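Structure first, then comments.
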There are 2 protein chains.
Amino acid sequence: MFSKTCEYAIKAVLYIATQSLNNIRVKIGDVAENTGSPEAFTAKILSTLTKHKLLHSIKGPYGGFEIEEKKMKQIKISEIVYAIDGDAIYNGCGLGLNKCNAAKPCPMHDKFIKVRSELKKMLETTTVHELATKVKAGKSILIRN
Amino acid sequence: MFSKTCEYAIKAVLYIATQSLNNIRVKIGDVAENTGSPEAFTAKILSTLTKHKLLHSIKGPYGGFEIEEKKMKQIKISEIVYAIDGDAIYNGCGLGLNKCNAAKPCPMHDKFIKVRSELKKMLETTTVHELATKVKAGKSILIRN
DNA sequence: CTTATTTAAGATATTTTTATCCGAAATAAA
DNA sequence: TTTATTTCGGATAAAAATATCTTAAATAAG
Ligand code: SF4
Ligand code: SF4
């Protein structure tokens, strides 16, 4: 469904958001540890997310990552997926034809479009804040030990 | 969504099925050419599909691949996906947690499960015959030139 | 039986994805 | 100013996915 990189990215954002809800700024090591992701690779991902303005980073001692509560209410999961995996999941086709054409589509078109648009809608209507709140309340987890 | 290998596999099966509807047996080269897939790689994929009994292969001169009409009415697209990509798309989780647990799920669980089960249902209710018929009737295509 | 044709299977190569490493830049505190 | 801490950015490395090549096995036809 998503690339591994994208899974790490979603978990990382949700972990940072959850901690930000408690006004705790977190370091790369914390994120890696609490999402079950490799640390150096997590650094790369967080850097990408920061460039896309999905996270706020602070360098130096007592630095780390955080997300304002206002921001996490705005950011949708779709934006994280887009920043990492690009638009393939939104615009790419099920059978990978070079170009799409509704007049003469691939034979799975109708059925495929239906499922894909539901996925898209789901990602576009789910906010980081909504999910982070669930994690904070202990209703769900980001890592299984 | 699917691996590239899986996309090739679906297109290959549909091409072979479409030709079988006209009682034409096809060779690897034909399949590759008419699905826009690399030939040697297509050979590997067809071999896998044959082992999974999703295709019938005949060696030697005048040989090639075919699917009985009876068979193509039975085979669902889900079976092709399963043969190539395994059960990740059916049982894997959106965030890639090691194990799933409905009691303490990942925060996307509910929404994710909904979309995934629709995808699963779609694949499990679409037969090869249904799609091959569409292609045969010229209503859809497998390759864009 | 011999030859030509075709799939099967294993070895190898290339590309992409995932992951690590290391030095630079920023910055807070002593 | 110096030091310790932390992110940033570029260079590599390892693993997985995708793709090719080469030889073997099967078989139809002459
Ligand atoms: S025809 Fe439809 S389903 Fe097929 S590749 Fe194009 S957009 Fe996707
Ligand atoms: S909790 Fe649900 S959505 Fe999350 S990984 Fe498990 S099955 Fe998938």
Side-chain angles (χ1 to χ4, degrees), chain A residues 1-13 15-16 19-20 24-33 35-67 81 83-86 88-89 92 95-96, chain B residues 1-13 15-16 19-20 24-33 35-67 81 83-86 88-89 92 95-96:
Chain A
M1 185 70 70
F2 308 123
S3 69
K4 218 165 182 188
T5 309
C6 191
E7 292 178 358
Y8 292 153
I10 296 172
K11 285 191 280 192
V13 169
Y15 176 70
I16 294 165
Q19 294 305 103
S20 284
I24 296 170
R25 184 180 291 169
V26 296
K27 291 178 284 189
I28 291 172
D30 297 330
V31 176
E33 193 177 342
T35 58
S37 312
E39 181 163 335
F41 195 47
T42 299
K44 277 274 179 300
I45 296 168
L46 294 184
S47 197
T48 302
L49 293 169
T50 301
K51 270 184 212 144
H52 279 81
K53 314 265 186 192
L54 299 174
L55 292 177
H56 179 216
S57 74
I58 300 100
K59 280 184 190 168
Y62 298 87
F65 295 86
E66 58 188 26
I67 312 180
V81 175
I84 303 292
D85 283 350
I89 204 167
L95 298 186
Chain B
M1 184 71 71
F2 307 123
S3 70
K4 219 166 182 186
T5 308
C6 192
E7 292 179 359
Y8 292 155
I10 295 172
K11 285 192 278 193
V13 169
Y15 177 70
I16 293 165
Q19 294 306 102
S20 285
I24 295 170
R25 185 181 290 167
V26 297
K27 291 178 284 189
I28 291 173
D30 298 329
V31 176
E33 194 177 340
T35 57
S37 312
E39 182 164 335
F41 195 48
T42 300
K44 276 275 176 301
I45 295 168
L46 295 184
S47 195
T48 302
L49 293 169
T50 301
K51 270 185 212 144
H52 279 82
K53 312 268 186 192
L54 298 174
L55 293 176
H56 180 215
S57 75
I58 300 100
K59 280 183 190 168
Y62 299 88
F65 294 86
E66 57 188 27
I67 312 179
V81 175
I84 303 293
D85 283 352
I89 204 168
L95 298 187

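What you see below is based on every heavy atom in this structure, not just the backbone, and it leaves out hydrogens, waters and symmetry mates. These numbers come from a predicted model, not from an experiment. Convention: sequence-line order gives letters A, B, ...; per-chain numbering from 1.
The nearest whole Å value for the distance from the CD1 atom in B:I58 to the P atom in C:dT7 is 9 Å. For the pair A:E39 CD and D:dT6 C1', the computed distance is 11 Å after rounding to whole Å. A straight line from NZ of A:K44 to P of D:dT7 spans 13 Å, rounded to a whole angstrom. Protein atom CD1 of B:I45 is 11 Å distant from nucleotide atom P of D:dT20, rounded to whole Å. With rounding to whole Å, A:H52 atom NE2 is found 16 Å from D:dC8 atom C1'. The distance from atom CD1 of B:I28 to atom C1' of C:dT7 is 6 Å, rounded to the nearest whole Å. Atom-to-atom, CG of B:D30 to P of C:dT5 comes out at 15 Å; the value is rounded to the nearest Å. Atom-to-atom, CG of A:L49 to P of D:dC8 comes out at 11 Å; the value is rounded to the nearest Å.
At a cut-off of 3.5 angstrom, counting only N and O atoms as typed in the model, there is no donor on one side facing an acceptor on the other between the side-chain of A:K51 and the base of D:dG9.
Using a 4.0 Å heavy-atom cutoff across all strands shown, B:F41 reaches at least one base atom of the nucleic acid. Among the heavy atoms of the strands, none lies under 4.0 Å from A:L46.
Residue A:S57 places its side chain closer to D:dT7 than to any other of C:dA28, D:dT7, C:dT18. Closest contact between the side chain of B:Y62 and the listed nucleotides D:dG10, D:dT7, D:dA28 involves D:dA28. You'll find that the side chain of B:A40 is closest to D:dC21, out of D:dA19, D:dG9, D:dC21. Relative to the side chain of B:T50, the nucleotides D:dG10, C:dA8, D:dA19 differ in distance, and C:dA8 lies closest. Distances from the side chain of A:K27 to the nucleotides D:dT6, D:dC8, D:dT27 place D:dT6 closest. Closest to the side chain of A:F65, from the set C:dT7, C:dC21, D:dC8, is D:dC8.
Annotation: the span from A:Y8 atom OH to A:K44 atom NZ amounts to 15.0 Å, rounded to 0.5 Å. The CG atom of B:D30 lies 12.5 Å from the CZ atom of B:R25; values are rounded to the nearest 0.5 Å. For the atom pair CD (A:E66) and CD (A:Q19), the distance works out to 12.0 Å, reported to the nearest 0.5 Å. Here the straight-line distance linking atom CD of B:E33 with atom OG1 of B:T42 works out to 11.5 Å at 0.5 Å rounding. Atom CG of A:L46 sits about 11.0 Å away from atom CG of A:L54, to the nearest 0.5 Å.
OP1 and OP2 of C:dT18 both lie 4.0 Å or more from every side-chain N or O belonging to A:Y8.
The residue among B:G60 and A:K59 whose nearest nucleotide of DNA chain C is located toward the 5' end is B:G60. Positionally, the nearest nucleotide of DNA chain D for A:S47 lies more toward the 5' end than for the other of A:S47 and B:S3.
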